[in-house]
Undergrad: 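Got a structure for you, written out below as structure tokens; questions coming shortly.
For clarity, every value in this text was computed on a predicted model and none was experimentally measured.
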Amino acid sequence: MDIYSPSKAIFHTDKIKQLQEHKPIIPTLLQVDLEAYCNDNCMFCSYRKENGYNNSMLDLIVPKGKLPIINENKPIGQPSKQSGLDEAMAYKLPMMMKQAGIPAIELTGGGEPTIWPHFDYLLDNIISNGIELGLVTNGSNLTPSRISRIVSFGTWIRISMDASNQETHKKIHRTPNNDFERRIENIKSLVTAKKASNSQLTIGISFIITPQNKSDVEDSARFYKRLGVDNIRFSWMYDKEGHAGLTEIDILALKIKLGALKKELETSDFKLLYSSDRIDSFSQPNTDFNTCYYQRFVWSIGADNLVYPCCIQKYNKDYAFGDIRKNTLLELVELMNEQMTNLDVKMCSPCWLRDRNKSIASAVEQPPHHNFV
């Protein structure tokens with residue numbers, strides 16, 4: 001089964017039954033921004049784009065009233081005590097997850113999670129509490145110690161590269177330094193450590209397609225396969241216009257190219273992942289589904305310590321349903337239930353998770369003639 005299958009929630013039959021009975025459920029995953037600051041300034045980042053859906057996150061790293069120059073080749077703002085989760089969460093968050101029975105955590109951004117000052121302590125506590133770990137990172141701060149622990153105890157890691165060469169990487173990530181090769185060496189170290197230990201860690205590469213790197217799609221697929229990673233996932237830059245800055249001809253040509261590369265390059269040890277219809281949902285109103293079930297399974301926690309129904313609505317205060325400084329995760333299951341029940345999907349930003357919501361709805365909501373399978 002595809003690791004990004006939209007039907008994974010249906011495996012949790014106990015939770016599906018609870019939803020059928022209109023009961024709140026314990027989520028299976030927390031997606032957590034540890035830090036708002038990032039040492040990159042990626043041009044596609046919805047947290048940093050001028051018209052990005054999530055760019056109110058910048059309030060955590062930029063003084064009020066001082067608008068940053070977003071397009072510069074340097075990081076935005078400064079890290080501080082206010083730019084990330086409270087220090088106590090390095091201990092408390094895994095403990096609350098264990099208490100609530102939430103089995104998995106994804107450390108992501110927002111900013112670059114490995115920059116959070118308490119990352120290593122959190123990592124140790126995640127491991128000691130037996131929590132499944134996923135990590136989304138730009139690969140710049142993967143020290144040997146971190147690589148060892150991630151390979152030994154992680155479920156998956158996805159490194160955001162978006163290029164196969166230094167020139168394109170610097171253009172996309174808008175970094176002040178030419179450190180593409182250093183990040184590649186970290187990926188090689190992950191692959192080597194995985195092979196040496198017979199680890200089950202899945203090592204993936206993320207490539208967000210933009211007008212600036214569209215010509216690098218094929219080279220990247222071949223390059224990262226040679227490095228020995230398990231997969232490369234191609235996605236489209238999410239924007240309010242709904243076309244990722246690409247023309248219709250670009251999009252069609254890329255879909256054809258990705259389909260051909262998938263047939264050519266995929267093996268039992270390497271997968272090329274992409275959703276051909278995902279870009280088509282970026283500007284589509286949420287009229288093809290009625291209920292957000294996804295928020296029941298996956299909560300998003302911002303670097304502001306607030307809980308949101310999904311990553312699309314992070315840092316939109318109208319969707320801040322809870323605060324992990326004020327309540328435990330177990331308490332929030334009940335406290336957030338009414339807001340989740342009353343969420344009007346038609347008021348949300350265009351949902352790229354609609355396929356998951358439709359899939360869960362097909363299991364929760366009784367269809368006509370349901371016994372005629």
Undergrad: Can you find a side-chain donor-acceptor pair between S56 and D59 that sits under 3.5 Å?
TA: no
Undergrad: Is there a donor-acceptor pair closer than 3.5 Å between any side-chain N or O of R48 and the backbone N or O of G110?
TA: yes
Undergrad: Can you tell me how far CG of L258 sits from CD1 of I209, rounded to the nearest 0.5 angstrom?
TA: 5.0 Å
Undergrad: Looking at A193, is its backbone amide N or carbonyl O close enough to the side chain of S197 to form a donor-acceptor pair, meaning the two atoms are under 3.5 Å apart?
TA: yes
Undergrad: Output yes when D86 and K92 qualify as a salt bridge under the 4.0 Å nitrogen-oxygen rule, no when they do not.
TA: no
Undergrad: After noting the C-alpha distance and the side-chain angles of N41 and N73, does the key distance pass the side-chain hydrogen bond (donor to acceptor under 3.5 Å, both in side chains) rule?
TA: CA-CA 7 Å; N41 183 15; N73 291 331; over 6 Å; no
Undergrad: Does Q99 have more than 12 heavy atoms from other residues, nucleotides or ligands lying within 6.0 Å of its CD?
TA: yes
Undergrad: With side-chain contact (heavy atoms from CB on, under 4.5 Å) as the test, would you mind laying out the steps for V345 and T291 before giving the verdict?
TA: CA-CA 6 Å; V345 299; T291 302; 5.7 Å; no
Undergrad: Hey, what do you get for SG (C310) to CG (L343), rounding to the nearest 0.5 Å?
TA: 8.0 Å
Undergrad: Is it true that D120 and R149 have a side-chain N and a carboxylate O under 4.0 angstrom from each other?
TA: yes
Undergrad: Could you walk me through whether T341 and R296 pass side-chain hydrogen bond (donor to acceptor under 3.5 Å, both in side chains), step by step?
TA: CA-CA 10 Å; T341 301; R296 302 288 187 171; 2.9 Å; yes
Undergrad: Identify the residue among K326, R325, K314 that makes a side-chain contact (heavy atoms from CB on, under 4.5 Å) with L306.
TA: R325
Undergrad: Can you tell me if K170 has over 12 outside heavy atoms packed within less than 6.0 Å of its NZ?
TA: yes
Undergrad: Can you say whether the rings of H173 and H169 are parallel (under 30°), tilted (30 to 60°) or perpendicular (over 60°)?
TA: parallel
Undergrad: Tell me whether L272 is reachable from W156 by hopping between hydrophobic residues (I, L, V, M, F, W, Y) whose side-chain heavy atoms are closer than 4.5 Å.
TA: no
Undergrad: Check for me, please, whether L29 and I10 land in the same ILVMFWY cluster - side-chain distances under 4.5 Å, paths through other members count.
TA: no
Undergrad: Do L85 and V136 land in one hydrophobic cluster if side-chain heavy atoms of ILVMFWY residues count as linked below 4.5 Å?
TA: no
Undergrad: Go through the steps for T155 and L201 under the test side-chain contact (heavy atoms from CB on, under 4.5 Å), then give the verdict.
TA: CA-CA 5 Å; T155 301; L201 178 74; 5.9 Å; no
Undergrad: Is K271 salt-bridged to D230, going by a charged N under 4.0 Å from an acidic O?
TA: no
Undergrad: Within the distance-only criterion (no hydrogens, no angle test), does the side chain of N125 pair as donor or acceptor with the backbone N or O of P94 below 3.5 angstrom?
TA: no
Undergrad: Got a second to check how far F234's CZ is from K257's NZ, nearest 0.5 Å?
TA: 10.0 Å
Undergrad: Answer yes or no: is there an ion pair linking R222 with E264, defined by an N-O contact shorter than 4.0 Å?
TA: yes
Undergrad: Distance only, no hydrogens: is a donor on one side chain within 3.5 Å (strictly under) of an acceptor on the other, for S5 and S7?
TA: yes
Undergrad: Test side-chain hydrogen bond (donor to acceptor under 3.5 Å, both in side chains) on N186 and S189 and set out the steps.
TA: CA-CA 5 Å; N186 287 338; S189 295; 5.1 Å; no
Undergrad: Strictly by modelled atom types, are T137 and E112 linked by a side-chain donor-acceptor pair under 3.5 Å?
TA: yes
Undergrad: For the hydrophobic clusters of this structure (ILVMFWY residues joined by side-chain heavy atoms under 4.5 Å, transitively), does one cluster hold both Y319 and M336?
TA: yes
Undergrad: Determine yes or no for a side-chain-to-main-chain donor-acceptor pair under 3.5 angstrom, with E331 supplying the side chain and T328 the backbone.
TA: yes
Undergrad: Check whether Y4 forms a cation-pi arrangement with R233 (NZ or CZ under 6.0 Å from the six-membered ring centre, at most 45° off the ring normal).
TA: yes
Undergrad: Tell me which one of K74, R174, R183 satisfies salt bridge (charged side-chain N to carboxylate O under 4.0 Å, His left out) with D40.
TA: R183
Undergrad: May I ask you to check whether over 12 heavy atoms, not counting those of K358, lie within 6.0 Å of atom NZ?
TA: yes
Undergrad: So does V217 get a backbone contact from the side chain of S220, meaning a donor-acceptor N/O pair under 3.5 Å?
TA: no
Undergrad: Determine whether a donor-acceptor pair (N or O, by modelled atom type, separation under 3.5 Å) exists between the side chain of N231 and the backbone of F270.
TA: no
Undergrad: Side-chain donor-acceptor pair under 3.5 Å between T247 and D250, yes or no?
TA: yes
Undergrad: What is the ring orientation for Y315 with Y308, classed by angle as parallel under 30°, tilted 30 to 60°, or perpendicular over 60°?
TA: tilted
Undergrad: Indicate whether any N or O donor in one side chain lies under 3.5 Å from an N or O acceptor in the other, for S300 and Q31.
TA: yes
Undergrad: Answer yes when D216 and K171 have at least one side-chain N-carboxylate O distance shorter than 4.0 Å, and no when they do not.
TA: no
Undergrad: Does E21 have more than 12 heavy atoms from other residues, nucleotides or ligands lying within 6.0 Å of its CD?
TA: yes
Undergrad: Does a sphere of radius 6.0 Å around CD in Q284 hold more than 12 heavy atoms from other residues, nucleotides or ligands, not counting ones at 6.0 Å or beyond?
TA: yes
Undergrad: T143 vs S145, test: side-chain hydrogen bond (donor to acceptor under 3.5 Å, both in side chains). Steps then yes/no.
TA: CA-CA 5 Å; T143 63; S145 172; 5.0 Å; no
Undergrad: Are the side chain of N138 and the backbone of S140 linked by a donor-acceptor contact shorter than 3.5 Å?
TA: yes
Undergrad: Which atom names give the shortest non-hydrogen contact between R146 and T114, and what distance separates them?
TA: NH1-O, 3.3 Å
Undergrad: Look at atom CD of E167 and say whether more than 12 heavy atoms of other residues, nucleotides or ligands are closer to it than 6.0 Å.
TA: no
Undergrad: Applying side-chain contact (heavy atoms from CB on, under 4.5 Å), name anything that partners D344, two or more places apart in sequence or on another chain.
TA: K346, M347
Undergrad: Hey, is K188 close enough to E185 for a salt bridge, meaning N to O under 4.0 Å?
TA: yes
Undergrad: Rounded to the nearest 0.5 Å, what separates atom CG in L330 from atom CD1 in I102?
TA: 8.0 Å
Undergrad: Should I208 and V229 be regarded as members of a common hydrophobic cluster, given that ILVMFWY residues are connected when their side-chain heavy atoms come within less than 4.5 Å of each other, either directly or indirectly?
TA: no
Undergrad: Are there over 12 heavy-atom neighbours, none belonging to K263, within less than 6.0 Å of that residue's NZ?
TA: no
Undergrad: Measuring from atom CG of D355 to atom CZ of F289, what distance do you get when rounded to the nearest 0.5 angstrom?
TA: 10.0 Å
Undergrad: Check the orientation of Y91 and Y121. Use parallel for under 30°, tilted for 30 to 60°, and perpendicular for over 60°.
TA: parallel
